[in-house]
Novice: 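Please read through the structure below; I'll follow up with questions.
Throughout, a chain's letter reflects where its sequence line sits, starting with A, and its residues are numbered from 1.
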2 protein chains.
Amino acid sequence: MKEDQAVTALAALAHPQRLRIFRLLVTKGPSGLPASDIAEAVEASPTGASFHLKELDRAGLICGTRDGRYVRYAVSVEGMRKLLTYLTEDCCQGHPELCGGTVRRVRSLCKSKGA
Amino acid sequence: MKEDQAVTALAALAHPQRLRIFRLLVTKGPSGLPASDIAEAVEASPTGASFHLKELDRAGLICGTRDGRYVRYAVSVEGMRKLLTYLTEDCCQGHPELCGGTVRRVRSLCKSKGA
DNA sequence: GCAATGATACAATTATTATTGAAATATGCA
DNA sequence: TGCATATTTCAATAATAATTGTATCATTGC
């Protein structure tokens, strides 16, 4: 995955309604949902939902296919996986036990305590 | 993790230099790097790097601690893990084999072929 | 204390993105 | 064909984020 693709995908997710849409579709799996159901679920107008769905599609995170008079959107598992891989690549210089094991318990000194 | 925290973290990553910084720090693990080394590595001005580092810190993705006259930034493994978990929660309605196994080979009909 | 280095804060400009409603397109069915 | 439903496009406005240079703060060593 290239940097600008990753940026596009992250920017697509960095919006409350789009993030809700994405997470909703993640739970639904490959079968997905029609756009109208999605709009209702995230309390968006048809126009707004369409805009956001297009952004997520353009980013490669979801995929819409027409199904009769509906357009059914589903998560793109490949797109999701590629993004997650890109974010975590070469974690801890080939010592991932630093991430998975020990470090999980390191006390953070950050201002952002919640994280 | 709350929605607005996730949006903040994703927005922080949705920027080329910040994404480069994050990935650089992911490879470095808990020891991290001084801000000046980071600025040089991603070809940012000191001012620019400081701005971006602050954004990532505010988002809970990295953590800066003063080390003499340097400020050393390291990835926040907790923050990273929480974000990834938030994105993939309840994947495929409790049938994650849809994500991990079969679905990996489903042919996508998306316009975005690369993803 | 003072100079040097590393890092941050501030403010102004510029660029990008979100939002909204009206109009247009696509499909299914009588 | 013509109507109803689902979805998208377009255009205008509003809101938000990025960029840059200057000034300021923090730490070390003389």
Novice: Using whole Å, report how far NZ of A:Lys54 lies from P of D:dC10.
Specialist: 8 Å

Novice: Quick check on the helix from C:dG1-D:dC30 to C:dA30-D:dT1: what's the angle between its two end axes, five base pairs per end, to the nearest 10°?
Specialist: 30°

Novice: Which pairs count as salt bridge (charged side-chain N to carboxylate O under 4.0 Å, His left out) when at least one residue sits in residues 47-56 of chain A, sequence neighbours excluded?
Specialist: A:Glu55-A:Arg58

Novice: Short question: side chain of A:Arg18, backbone of A:Ala11 - any donor-acceptor pair under 3.5 Å?
Specialist: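 Side chain of A:Arg18 to backbone of A:Ala11: a pair is present.
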
Novice: If you restrict it to nitrogen or oxygen atoms, what contacts under 3.5 Å exist between nucleotides 13-19 of chain D and the protein, and what is each distance?
Specialist:
residue, atom, partner, partner atom, Å
D:dA18, OP1, B:Arg18, NH2, 2.7
D:dT19, OP2, B:His15, NE2, 3.1

Novice: Between the protein and nucleotides 1-7 of chain D, which nitrogen or oxygen pairs come in under 3.5 angstrom?
Specialist:
residue, atom, partner, partner atom, Å
D:dT5, O4', A:Arg69, NH1, 3.2
D:dA6, O3', A:Arg69, O, 3.4
D:dT7, OP1, A:Ala35, N, 3.1
D:dT7, OP1, A:Val71, N, 3.1
D:dT7, OP2, A:Ser36, N, 2.7
D:dT7, OP2, A:Ser36, OG, 2.8

Novice: State which residues pass side-chain contact (heavy atoms from CB on, under 4.5 Å) with B:Ala6; sequence neighbours excluded, sorted by chain then number.
Specialist: A:Leu19, B:Met1, B:Leu83, B:Tyr86

Novice: Taking only residues two or more places apart in sequence, or in another chain, which ones meet A:Glu40 in a salt bridge (charged side-chain N to carboxylate O under 4.0 Å, His left out)?
Specialist: none

Novice: Can you sort out the partners of B:Ser50 under side-chain contact (heavy atoms from CB on, under 4.5 Å), two or more places apart, ordered by chain and number?
Specialist: none

Novice: Quick check: closest heavy atoms across B:Ala12 and B:Ala59, and the distance to 0.1 Å?
Specialist: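 Nearest heavy atoms, B:Ala12 then B:Ala59: CB-CB, 3.7 Å.
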
Novice: Can you name the residues that form a side-chain contact (heavy atoms from CB on, under 4.5 Å) with B:Arg20, not counting sequence neighbours?
Specialist: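 Residues passing side-chain contact (heavy atoms from CB on, under 4.5 Å) with B:Arg20: A:Glu3, B:Pro16, B:Gln17, B:Val42.
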
Novice: I need the full list of ring pair (Phe, Tyr, Trp, His ring centres under 6.0 Å) pairs touching residues 15-69 of chain B, with sequence neighbours left out, sorted by first then second residue.
Specialist: B:His15-B:His52

Novice: With sequence neighbours excluded, tell me which residues meet side-chain contact (heavy atoms from CB on, under 4.5 Å) with A:Thr47.
Specialist: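 So A:Thr47 forms a side-chain contact (heavy atoms from CB on, under 4.5 Å) with A:Ser45.
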
Novice: Under the salt bridge (charged side-chain N to carboxylate O under 4.0 Å, His left out) rule, collect the residues that match up with A:Asp67, sequence neighbours excluded.
Specialist: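 Partners of A:Asp67 under the salt bridge (charged side-chain N to carboxylate O under 4.0 Å, His left out) test: A:Arg72.
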
Novice: Starting at the 5' end of DNA chain C, which residue's closest nucleotide do you reach first, A:Asp67 or A:Gly48?
Specialist: A:Gly48

